[in-house]
Amino acid sequence: MSNSNFYDDAPVEAPGKTFLDSTEMVLNMGPQHPSTHGVLRVILKLDGEKVLGTECVIGYLHRGVEKIAENRTYAQFNPYVDRMDYVAAVSNGLGYCGAVEKLISAEVPKRAEYLRVILTELNRLASHQVWLGTHALDIGAITPLFYTFREREEILKIFEKYCGARLTTHAFRIGGCQYDAYEGFDREVLAFCDAQDPRLDEYEELLTTNRIWVERTKGVGILSAEDAIALGVTGPVLRGSGVRWDLRKAQPYCSYKDFDFEIPIGLTGDTFDRYVVRIQEMRQSLRIIRQAVAGLPEGPIMAKVPKVLKPPVGEVYHSIEAPKGELGYYIVSDGSTQPYRVRVRPPSFVNLQALDVMVRGRLVADVVAVIGTLDIVLGEVDR
Amino acid sequence: MRPFLDYLHSSVTPGEYGSYLWAVIYILIIFAVASVAVMLMTWLERKILAHMQVRLGPMRVGPHGLLQPIADALKLLTKEDILPDEADKVVFWFAPVWVMMIAFLNYVVLPFGRTHAVTDMNIGILFVLGVSSLSVLGVIMAGWSSNSHYPLMGALRSSAQMVSYEVAMGLAIVSAVLMTSLNSTGTGTLSMIGIVEAQKAAGRWYIFSMFPLGLIAFLIFAIAMIAETNRAPFDLPEAESELVAGFHTEYSGFRWSLFFLAEYAAMIGISSVAVTLWLGGYLRPFPNLLSGHSWDLAFSLFPGLIFAGMALMCLIGAARMPKIPQMKVQTIGLWLFGGVIALIAVVLFLPGVRERVQDIFWFAAKVAAFMYLYIWYRGTFPRYRFDQLMKLGWKVLLPVSLAVLILTALVGIRQDLSTVLMGVLR
Amino acid sequence: MSVAPLLRKIFLVDLIKGLSVTFRSQHPDELITEQYPLERPWIAERYRGQPRMAVNPDTGESLCNGCGACALACPEKLITVTSDRDPVTKKKYMTSYTYDVSRCMFCGLCQESCPTDCIELSQDYEMALYSREGMTLDRVRLEKGPEPTEYAR
Ligand code: SF4
Ligand code: SF4
């Protein structure tokens, strides 16, 4: 959409306009709106309650992460990536470490990889739980938020025990993991998994069959598979549209091919399908965690990486399946201790593009539902 | 002075008795009690909602946050009262007053007991319907005068919603009124007390009569009244995640608290209407099954027992408070609170008080159950979308309530539907 | 629509199921709120909180040898170490040390790089202050370590 007359209050000629037609209303949703998940600003062009067009204004949380990378050594930049998608900090770290390891061709020990898988999948659970809570809150169910955060708390406690921080974990280092599993790690993780299954059933009891929930989500924000691919969306949004594409299977990294799990997909690509896909993904994550804990090998957790990292001149792109979609890091090295350029491909940023396609012609309430179902984190959109 | 005191021995409402002084006293008492009930309700809502959400809720102000409503009220009163520059000042000022006035106007005809009502209007239920449809005006005024997008949309939604749910609500009420005429004389009544007395005469609450017609009519009213008071899952006019705060987005401080007060007062008011029409109002439970003098006595002890139980809970809670210096004030507060409640319990056991108060108690208990339902719904359900809400109102509730009305009428003509049908067939 | 789902819909089974979940959650054992100043949260051993410098408990000397590895490792460059060389033993020793907590992101790179395990991130997390002053910790403050706060009500 061209921006030229978007801000104008002047009536835009609509098809079939009669003299009784009223003018359109431009509604500024955000950046301080309860359900724009942070500081997203959406300019809505409305005809009554109907959405004629949207425009996202982003950048309120821009911190110049990519630029910071150019002034930090490879190891120093690691903690910053946690601050992009702060809901899934561990995944961010996994992607970055994987990219640098690819650049210096380091071989990560098996035990470190398994630890990484356990923590990343736990983080996927935590991220999906935040999504479920906030998405339900957007649609008006205020209680699931507290249930999901209760479960997330258990995950964060495991993180805290493992690496000393709850949110911005800085869990992995280039070449492996800094910390080994603490005493009783496997026991605690398995206990969490066992406790999680009935909790997931509880969420489903609250929402999946609830007629209001079904009415609010079924057929809302439909994204066809073609549109999804054309817009470049990834992750559960893409899978909800029925495309079986998961980097963990398509381009296995970090020992993911050792594990047996399925990729849930949706049929119609509406909000309900994406909801089901994410809930199923949580169950699959539990499956992966159980396998990884059972098969956790002994051995070192750190590859031989020089203390002062000077990767060879070259460039690398490495992407992982973060909870929100394909998280890619493109790193150019000029042979010095600091990267020449780091470019992040954030899943939320790309997924947010689909908003306009999904809400055009629908109601204001659906905008909120669709923003929730896209599962964006503004820290990642703006970087 | 004599007639003034004489009223105490009469068995009619002040309105019927013709004592203006007593009417004013009743109005003041009802206003004060309703305001306190609203405050208690906000505390209860926060507490119950918190427990449903595995939280503790307010815990800091007073024991278990009991004084939280007072703290809230103080905060709201001392807050800056912002008047938006672009707002239509007069309307903006008047809207909360109007909403508040309407919310409390209903209380005039609500029968809290056989004699405990301001007046017994012979068109009481019509009055309720008329008054409650006026409250939408205040919402529209608030939304329009704010001169801002979110309030405007909230007001638009609100007006459409309230108007469409009123239809189903009215039809449900009519079917209840119809039931009052199903007696030997065939004369119905629109008076609130009359309706309760009719239920007493019929020996059953209207929710159970003509099963399941009474129940369905009640359910329709129960759904429509949630929509009417803008509560979850029909809280679209103030849908927080969509319209920030809906029609009162621009209000703050005292004005906002008027809206808040009005919302809760309306909730209590409309639940009282539901209780009066279908749940036997101030009648005690099981009027027909467990009748007789000893049962009367047993039921009249209930209020005292409940209060005694509450006092016991407070005292046990106080005894079990952690014995640390930080909790000292709270513990003392809880002891005192428990003591006061115990005192009330003792008073409620006195024979003279017992009979007069138990009406009010049963009424309050039924309304409290409704309040719990309100909170429970809010804690559980997602919010409907606007078009779905309309669909539910016009395509489900309206036809069903019409059908219930017609069936009630048919059954009413001949207590037995089968004879009617046979007659039609023949 | 077949009969069973229709009946389920009329009798509001879906809604009642949801209501029962929230009703069950009211059980007092389910409450998870921590009343913060009264109940302290549980802190893991590896927690990265307020920084502290270790001293040799026997001599009271700082373990820091002034190598500056922590200052180099820190992405935020918020640690400043100055050192001097002892004219007799020709050994480096630390003369001053400042640590600006206000900019720290508690990533833990400094404590990982320290050869003598001198600087470490402790388990104290109550670092809120009313102004930025006092957020720059010097050697004395760091060696004294965090002072747990007592709260009155
Ligand atoms: S924790 Fe990280 S940011 Fe803080 S001083 Fe240490 S290295 Fe620097
Ligand atoms: S604290 Fe450790 S790393 Fe920092 S200067 Fe002292 S010895 Fe070196």
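Every chain is numbered from 1 and lettered A, B, ... according to where its sequence line falls, protein lines coming before strand lines. Reckoned from all heavy atoms, side chains included, excluding hydrogens, waters and symmetry mates. Computed from a predicted model, the values in this text were never measured in an experiment.
- Other residues, nucleotides and ligands contribute at most 12 non-hydrogen atoms within 6.0 Å of the CZ atom of Phe254(B).
- Among residues 37-51 of chain B, the residues having any heavy atom closer than 4.5 Å to a heavy atom of chain A are, in sequence order, Leu49(B).
- Contacts between residues 257-266 of chain B and chain A, defined by a heavy-atom separation under 4.5 Å, are made by no residue at all.
- Both the backbone and the side chain of Arg216(A) come within less than 4.5 Å of a heavy atom of chain B.
- With values rounded to the nearest 0.5 angstrom, Arg385(B) atom CZ is found 12.5 Å from Ile212(A) atom CD1.
- Ala141(A) and Thr380(B) make their closest contact through CB-O, 4.3 Å (heavy atoms, listed as atom of the first residue, atom of the second, distance).
- To the nearest 0.5 angstrom, Asp366(A) atom CG is 7.5 Å from Asp387(B) atom CG.
- Atom CH2 of Trp376(B) and atom OG1 of Thr143(A) lie 12.5 Å apart (nearest 0.5 Å).
- Contact count versus chain B (heavy atoms, under 4.5 Å) is highest, among Asn28(A), Val364(A), Leu363(A), for Leu363(A).
- For Val220(A), the part lying under 4.5 angstrom from a heavy atom of chain B is the side chain only.
- The closest donor-acceptor contact from the side chain of Glu215(A) to the backbone of Gln388(B) lies at 3.5 Å or more, if one exists at all.
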Given Met153(B) and Leu27(A), is the side-chain contact (heavy atoms from CB on, under 4.5 Å) satisfied, shown in steps?
CA-CA 10 Å; Met153(B) 285 180 65; Leu27(A) 185 66; 4.0 Å; yes
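- In this structure, Tyr150(B) and Met29(A) approach most closely via the heavy-atom pair OH-CA, 3.2 Å.
- Contacts of Leu145(A) with chain B are absent, with no heavy-atom separation under 4.5 Å from either backbone or side chain.
- Here the closest heavy-atom approach between residue Ile142(A) and residue Gly379(B) is recorded as CG1-CA, 4.4 Å.
- Enclosure of atom NZ in Lys391(B) is not indicated, since only 12 or fewer non-hydrogen atoms of other residues, nucleotides or ligands lie within 6.0 angstrom.
- The local environment of CZ in Phe349(A) is sparse, with at most 12 non-hydrogen atoms from other residues, nucleotides or ligands closer than 6.0 Å.
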Derivation and outcome, side-chain contact (heavy atoms from CB on, under 4.5 Å), residues Arg211(A) and Phe381(B):
CA-CA 9 Å; Arg211(A) 68 187 65 189; Phe381(B) 296 139; over 6 Å; no
